[in-house]
Amino acid sequence: MEYQFLLVKPNVRPGVTVVQINRPKELNALNRTVMEEIGAALTAADADEACRCVVLTGNERAFAAGADIKEMADASAVEMLNRDQFARWEIIRKTKKPVIAAVSGFCLGGGCELAMLCDMIVASESAQFGQPEVNIGVMPGAGGTQRLTKAVGKALAMEIALTGRFFPAQKMLEAGLINRVVPTELYFQEAIKLAEEIAQKPPVAVRLIKESINAAFETHLDEGLMRERKNFYLLFATEDQKEGMAAFVEKRKAEWKGK
Ligand code: DAK
């Protein structure tokens with residue numbers, strides 16, 4: 001598929017697909033086409049058997065400076081409703097394969113919400129996170145008051161969303177929003193390395209682990225535990241479980257089939 005605002009590179013390393021937002025002049029502002037294309041690229045990655053993990057990135061100056069303000073500025077509430085933009089965000093949320101955000105520079109508003117939809121965030125030391133919607137008369141609309149609060153707690157989420165200030169990667173690391181901060185010249189490689197490690201794991205187990213951890217975020221404890229338990233039993237129906245445990249007993253390296 002041809003993309004207008006994305007560069008998609010399957011198999012940059014074994015099992016790793018890179019999806020790069022490529023709208024640099026606008027600091028990767030997320031207009032509707034960008035969101036549609038990210039949804040399409042992740043759907044394709046999910047369907048691609050060779051892909052085991054995705055790295056979603058921008059460039060050194062900006063992961064994404066938010067939803068496209070120019071595209072929204074004159075819209076009425078009904079127009080916003082009819083655009084049904086949340087459908088694209090849902091596609092990203094429902095991606096089955098792990099998605100790692102490799103973040104540098106501005107990661108703001110919808111950009112921050114997009115990074116939070118990913119499963120892990122590797123950031124450069126120059127990355128800045130924020131929910132500045134309050135400064136343009138609105139509020140976070142794609143999970144910024146919910147996922148952010150769950151990740152960093154009420155006090156910091158309030159400060160981030162009510163002041164609209166930008167927070168450095170190191171602060172977000174301490175708050176638990178992101179996985180690691182590395183020198184700017186290394187953040188992309190570091191994300192690829194992490195993706196490559198995950199790409200070598202048994203894919204059915206990876207998928208069900210992702211689903212189960214997300215359940216902890218999205219449901220109550222009883223339901224989350226129930227989903228975890230069912231997924232755990234389900235893995236005993238896979239050849240990879242038999243192979244993984246046999247390999248352990250026989251003191252050899254397991255060979256995963258994804259079945
Ligand atoms: N939208 C559109 N254009 C943007 C943009 C944005 N969010 N951010 C930057 N740009 C554009 C600038 O307009 C400028 O374009 P030209 O003027 O050159 O044509 C170009 O990118 C370079 O930006 P600056 O000249 O401003 O660069 P600086 O280094 O001086 O400043 C900055 C960088 C990131 C501090 C500044 O650009 C800035 O404050 N940007 C806006 C940040 C922001 O407020 N972000 C939140 C946007 S609201 C939804 C889902 C999500 C959302 C909404 C709905 N649904 C599912 C319905 C999310 C909403 C948001 O994210």
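FYI, the numbering just counts along the sequence from 1. First listed ligand is number 1; within each ligand, the first listed atom is number 1. As the structure is a computational prediction, the values presented were derived from the model and not from experiment.
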Answer yes if a protein heavy atom lies under 4.0 Å from atom 15 (O) of ligand 1, otherwise answer no. yes

Would Glu71 and Arg32 pass as an ion pair if we require N to O under 4.0 Å? yes

heavy-atom search around atom 1 (N) of ligand 1 in the protein gives Ile69 N, 2.9 Å

Does atom 31 (O) of ligand 1 have a protein heavy-atom neighbour under 4.0 Å away? no

May I have the step-by-step check of side-chain contact (heavy atoms from CB on, under 4.5 Å) for Arg61 and Leu27, ending in yes or no? CA-CA 7 Å; Arg61 185 162 177 229; Leu27 303 182; 3.3 Å; yes

Ligand 1 atoms in contact with Trp89 (distance to a heavy atom under 4.0 Å): 50 (C), 51 (C), 56 (C)

Asn28 side chain vs Phe63 backbone, donor-acceptor pair below 3.5 Å: yes

Sub-4.0 Å atoms of ligand 1 with respect to non-hydrogen atoms of Gly110: 58 (C), 60 (C), 61 (O)

N or O contact, Met80 vs ligand 1, cut-off under 3.5 Å: no

Any protein heavy atom at under 4.0 Å, with atom 38 (C) of ligand 1 as the reference point? no

Does Arg61 reach ligand 1 with a nitrogen or oxygen that is under 3.5 Å from one of the ligand's nitrogen or oxygen atoms? yes

Does the side chain of Phe167 come within less than 4.5 Å of Gln128's, by heavy atoms? no

Phe86, any N or O under 3.5 Å of ligand 1 N or O: no

Within ligand 1, which atoms have a heavy atom of Ala142 less than 4.0 Å away? 50 (C), 51 (C)

Hey, is atom 18 (O) of ligand 1 under 4.0 Å from any protein heavy atom? no

Strictly below 4.0 Å, N to O, side chains only: are Glu196 and Arg52 in salt-bridge contact? no

Atom 8 (N) of ligand 1: of Ala29, Ala65, Gly143, the nearest heavy atom sits on Ala65

Using a strict 4.0 Å threshold on nitrogen-to-oxygen distance, state whether Lys257 and Asp240 make a salt bridge. no

Do protein heavy atoms approach atom 61 (O) of ligand 1 to less than 4.0 Å? yes

Verify the distance criterion only: is there a donor paired with an acceptor across the side chains of Asn231 and Ser212 at less than 3.5 Å? yes

Could Arg207 and Glu211 be called an ion pair, given the rule that one side-chain N must be under 4.0 Å from one carboxylate O? no

Nearest non-hydrogen atom to atom 54 (C) of ligand 1 belongs to which of Gln128, Glu133, Arg83, Met72? Met72

Specify the protein heavy atom at minimum distance from atom 24 (P) of ligand 1: its residue, its atom name, and the distance to 0.1 Å. Leu27 CD1, 4.5 Å

Please list the nearest protein heavy atom to atom 35 (C) of ligand 1 with its residue and the distance rounded to 0.1 Å. Phe166 CE1, 3.8 Å

Verify the contact flag for atom 26 (O) of ligand 1, where contact means a protein heavy atom under 4.0 Å away. no

Please report whether ligand 1 has a polar contact with Lys70, defined as an N or O pair separated by less than 3.5 Å (distance criterion only). yes

Please identify which atoms of ligand 1 are closer than 4.0 Å to at least one heavy atom of Pro132. 43 (C), 44 (O), 45 (N), 46 (C)

The option among Gln131, Met35, Glu113 carrying the non-hydrogen atom nearest to atom 51 (C) of ligand 1 is Glu113

So that I can tick it off, tell me whether Arg23 and Asp68 are bridged by a salt bridge, with the cut-off set at under 4.0 angstrom between side-chain N and carboxylate O. yes

Is Arg93 salt-bridged to Glu90, going by a charged N under 4.0 Å from an acidic O? yes

With a heavy-atom distance limit of 4.0 Å, tell me whether Ile136 approaches ligand 1 through its side chain, its backbone, both, or neither. side chain

Considering all protein heavy atoms, does one lie under 4.0 Å from atom 44 (O) of ligand 1? yes

Output the list of atoms in ligand 1 that are nearer than 4.0 Å to some heavy atom of Lys25, sorted by atom number. 20 (C), 21 (O), 22 (C)

Quick one: does Ala67 get an N or O within less than 3.5 Å of an N or O on ligand 1? yes

Salt-bridge present (Glu190, Arg180; N to O < 4.0 Å): yes

My understanding is that we take every heavy atom of each candidate and find the minimum distance to atom 11 (C) of ligand 1. Doing that for Arg32, Glu26, Met139, which one comes out nearest? Glu26

Test side-chain contact (heavy atoms from CB on, under 4.5 Å) applied to Thr17 and Lys97, step by step: CA-CA 11 Å; Thr17 296; Lys97 291 179 183 164; over 6 Å; no

